[in-house]
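Structure first, commentary second.
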Amino acid sequence: MKLVIGDPAYSTWSLRPWLVLKRCGADFDTQIVRLNRPDTFEEIRKVSPNGKVPALLVDGDVVWDSLSIAVWCAERWPQAGLWPAEPKARWLARSAVCEMHSAFGALRNLMGMGPDHPMIGDSRAETPDDPALHADLRRMVELWRDLRGRFGAGGPYLFGAWSVADAFFTPVAARMRHFQVDLTAFGDVDGVAAAYRDALLNDPLFLEWTAMAEQDLAAG
Ligand SMILES: N[C@@H](CCC(=O)N[C@@H](CS)C(=O)NCC(=O)O)C(=O)O
């Protein structure tokens, strides 16, 4: 089994299924395709039909799209508890993941990761001053605070124990760190959202990803 990803310093979409596969204890190789190059699309098309990473090569076929890979993992490793066990928490975890997958366009575009805005290292940027971005950040803080408040008692993650939702929000935490977002300005009155962001940033598997990204950058 092989997960094809983009540059780990920038590819936020790739980070999600990598975290999920690691949580499952999956035995997989990682192949990096360089993004932002003239031949990027052509290179990815060799392995993935939509010309995008991530893509999981497994059982002689390809599973593409980060959400689809996460769903595939939950089927393959039901014992991994990738979704919350309690039904209502599980429904809402799926809603949160789908909202992350299909919305937050301003956050993605205006706080985008790339060579000048990596998710690793000490470089930092200002939070862009844009009404659509601010609306996305207010919604993110509202979503995190609501779910942490209702379901988070059993641990530091969105639903207490780690779930697919945390894989989908880890890239957001990295963007917030790089763009120095002051969450109190977006409704985080008591630090609940900031504590969740920090739990994601300090998660051992995210630290393993960032170490891999540092090594990849150093290797040129
Ligand atoms: N909805 C897709 C989005 C994947 C995506 O946009 N990937 C970017 C890299 S992070 C990509 O492959 N870009 C290649 C290109 O645009 O040529 C998913 O969840 O996997």
Side-chain angles (χ1 to χ4, degrees), residues 1-24 26 28-59 61-76 82-83 93-121 123 125 133 136 140 143 158 163-179 200 205-206 208-210 212-217:
M1 184 171 15
K2 187 193 283 184
L3 182 68
V4 184
I5 62 172
D7 303 72
Y10 329 124
S11 185
T12 52
W13 297 100
S14 301
L15 168 59
R16 300 157 158 197
W18 186 91
L19 289 172
V20 174
L21 281 161
K22 286 281 180 177
R23 284 276 163 184
C24 295
F28 67 102
D29 297 324
T30 303
Q31 177 189 334
I32 298 173
V33 176
R34 299 291 161 205
L35 300 173
N36 307 314
R37 291 196 178 165
D39 65 347
T40 296
F41 180 77
E42 198 182 307
E43 284 301 308
I44 300 174
R45 277 275 293 174
K46 289 178 184 165
V47 291
S48 180
N50 69 341
K52 303 270 186 207
V53 285
L56 183 69
L57 310 184
V58 60
D59 293 347
D61 220 316
V62 53
V63 182
W64 69 93
D65 194 283
S66 60
L67 179 52
S68 175
I69 298 169
V71 169
W72 181 89
C73 288
E75 281 181 13
R76 180 85 160 224
L82 291 180
W83 296 103
R94 289 187 185 135
S95 294
V97 164
C98 287
E99 183 175 350
M100 184 65 244
H101 207 53
S102 61
F104 296 109
L107 188 148
R108 264 189 249 286
N109 293 333
L110 298 173
M111 288 174 34
M113 308 256 88
D116 296 335
H117 297 291
M119 67 176 95
I120 55 171
S123 75
L133 171 65
D136 275 1
M140 190 67 73
L143 176 68
L158 203 56
S163 73
V164 169
D166 303 300
F168 275 62
F169 290 120
T170 299
V172 176
R175 291 176 200 268
M176 286 173 170
R177 175 171 65 183
H178 179 77
F179 287 93
L200 296 178
L205 287 178
F206 179 60
E208 191 179 324
W209 170 273
T210 53
M212 176 175 75
E214 299 276 6
Q215 270 176 18
D216 181 55
L217 273 190

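We count ligands from 1, going down the list as the structure has it; atoms in each ligand are counted the same way.
Residue Q31 qualifies as enclosed at atom CD: its count of foreign heavy atoms under 6.0 Å is above 12. More than 12 heavy atoms of other residues, nucleotides or ligands lie within 6.0 Å of CH2 in W13, so this atom counts as buried by the packing criterion.
Atoms of ligand 1 found under 4.0 Å from any heavy atom of T40, numbered from 1 in the order shown, are 17 (O).
Geometrically, ligand 1 and S11 share no nitrogen or oxygen pair separated by less than 3.5 Å. The shortest N or O to N or O distance between V53 and ligand 1 is below 3.5 Å. For S14, no nitrogen or oxygen atom sits less than 3.5 Å from a nitrogen or oxygen atom of ligand 1, counting backbone and side chain alike.
Under the 4.5 Å side-chain criterion, counting only non-hydrogen atoms from C-beta, F168 is not in contact with L158. Looking at P17 and L56, their side chains never come closer than 4.5 Å, going by heavy atoms from C-beta outward.
By the criterion of a heavy-atom distance under 4.0 Å, both the backbone and the side chain of D65 are placed next to ligand 1.
At least one heavy atom of P54 sits under 4.0 Å from some atom of ligand 1.
Rounded to the nearest 0.5 Å, atoms CZ (R175) and CG (L107) are 6.0 Å apart.
Shortest contact from atom 11 (C) of ligand 1 to any protein heavy atom: K52 CD, 3.7 Å. Residue, atom and distance of the protein heavy atom nearest to atom 3 (C) of ligand 1 are W13 CD2, 3.4 Å.
Salt bridge status for D65 with R16: absent, with no side-chain N to carboxylate O gap under 4.0 Å. The pair D59-R76 meets the salt-bridge criterion, since a charged nitrogen lies less than 4.0 angstrom from a carboxylate oxygen.
Comparing S66, A70, S48 against atom 19 (O) of ligand 1, the shortest heavy-atom distance belongs to S66. Residue I44 holds the heavy atom nearest to atom 14 (C) of ligand 1 of all those in D39, N50, I44.
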